[in-house]
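Right, one structure below, let's go through it.
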Amino acid sequence: MLISSAIVRKREFALLQAVGMTNQQLRKMLYREGMSISVKSAILATFFGVTVGALLCYLANKVLALKFILFEFNIFPVLLFSILLVGLQICISYGVSRSIEKDTLVERLRTE
């Protein structure tokens, strides 16, 4: 999502830089946007994953009488997933910013 957003907004970034935005500010903006997406994704995935998992285990235990199915929440996989998601986002943001900075400002303004 971050990559496609940056590709679509390449001209917008060039316009922002034409009126005074520095490469450092552009990188910071991309990192913040990516971090926002990553944190929201991790929170939603955790919430819905725990909710649906607990509900399915409850249904299996009570409705289907499968007494061996119990729900236990472990924080380690959630933390691992969140750290990997944020790390991947940082790598992608870095690559996108480097890709944008390769072209000159004039070349980026001319692209459609």
Side-chain angles (χ1 to χ4, degrees):
M1 192 166 120
L2 188 63
I3 295 170
S4 65
S5 170
I7 290 170
V8 169
R9 297 170 52 202
K10 207 171 192 178
R11 189 157 194 251
E12 176 188 338
F13 296 150
L15 288 172
L16 288 170
Q17 287 189 309
V19 295
M21 180 183 248
T22 64
N23 282 340
Q24 175 93 13
Q25 290 171 328
L26 178 63
R27 269 187 247 116
K28 196 175 203 180
M29 183 179 76
L30 288 171
Y31 283 130
R32 285 185 178 173
E33 286 178 1
M35 195 62 68
S36 172
I37 292 169
S38 296
V39 169
K40 289 174 188 175
S41 297
I43 290 171
L44 286 173
T46 301
F47 175 75
F48 286 116
V50 169
T51 304
V52 171
L55 179 65
L56 289 174
C57 287
Y58 174 79
L59 290 174
N61 194 339
K62 300 295 180 187
V63 176
L64 298 175
L66 301 172
K67 300 296 182 193
F68 60 91
I69 297 179
L70 301 172
F71 180 77
E72 291 183 20
F73 180 73
N74 189 352
I75 193 73
F76 179 71
V78 173
L79 291 176
L80 183 63
F81 168 75
S82 299
I83 291 169
L84 288 174
L85 189 65
V86 169
L88 183 63
Q89 172 272 318
I90 289 171
C91 292
I92 290 172
S93 294
Y94 177 76
V96 166
S97 66
R98 295 288 293 178
S99 172
I100 289 172
E101 293 169 5
K102 275 185 194 175
D103 297 333
T104 65
L105 184 60
V106 175
E107 288 174 346
R108 286 185 278 150
L109 283 171
R110 287 184 181 168
T111 59
E112 303 253 348

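As the structure is a computational prediction, the values presented were derived from the model and not from experiment.
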Euclidean distance, [Y] [atom2] relative to [X] [atom1], rounded to 0.5 Å:
{"X": "Ile83", "Y": "Leu79", "atom1": "CD1", "atom2": "CG", "value": "6.0 Å"}
{"X": "Ser93", "Y": "Met35", "atom1": "OG", "atom2": "CE", "value": "7.5 Å"}
{"X": "Arg9", "Y": "Met29", "atom1": "CZ", "atom2": "CE", "value": "5.0 Å"}
{"X": "Ile100", "Y": "Leu105", "atom1": "CD1", "atom2": "CG", "value": "12.0 Å"}
{"X": "Arg98", "Y": "Leu30", "atom1": "CZ", "atom2": "CG", "value": "13.5 Å"}
{"X": "Met21", "Y": "Arg27", "atom1": "CE", "atom2": "CZ", "value": "11.5 Å"}

Tell me the closest heavy-atom pair linking [X] and [Y], and the distance in Å.
{"X": "Cys57", "Y": "Phe71", "value": "CB-CB, 3.8 Å"}
{"X": "Leu70", "Y": "Asn61", "value": "CD2-ND2, 3.4 Å"}
{"X": "Tyr31", "Y": "Gln89", "value": "O-NE2, 3.4 Å"}

From Val86, Ile92, Ile43, Ile90, residue fulfilling side-chain contact (heavy atoms from CB on, under 4.5 Å) relative to Ser38: Val86
Residue of the set Lys102, Glu12, Gln17, Glu101 for which side-chain contact (heavy atoms from CB on, under 4.5 Å) holds with Arg108: Gln17
Backbone of Ala42 reached by a side-chain donor or acceptor of Thr46 within 3.5 Å: yes
Leu109 backbone acceptor or donor facing Arg11 side chain under 3.5 Å: yes
Count I, L, V, M, F, W, Y as connected when their side-chain heavy atoms are under 4.5 Å apart, and connections chain through other members. Are [X] and [Y] then in the same cluster?
{"X": "Leu44", "Y": "Ile37", "answer": "no"}
{"X": "Val52", "Y": "Leu59", "answer": "no"}
{"X": "Leu64", "Y": "Ile69", "answer": "yes"}

Flag side-chain contact, heavy atom, 4.5 Å: Leu16 against Gln25: no
Over 12 foreign heavy atoms within 6.0 Å of NZ, Lys40: no
Tyr94 OH: over 12 foreign heavy atoms closer than 6.0 Å: no
Arg32: partners by salt bridge (charged side-chain N to carboxylate O under 4.0 Å, His left out), with sequence neighbours left out: none
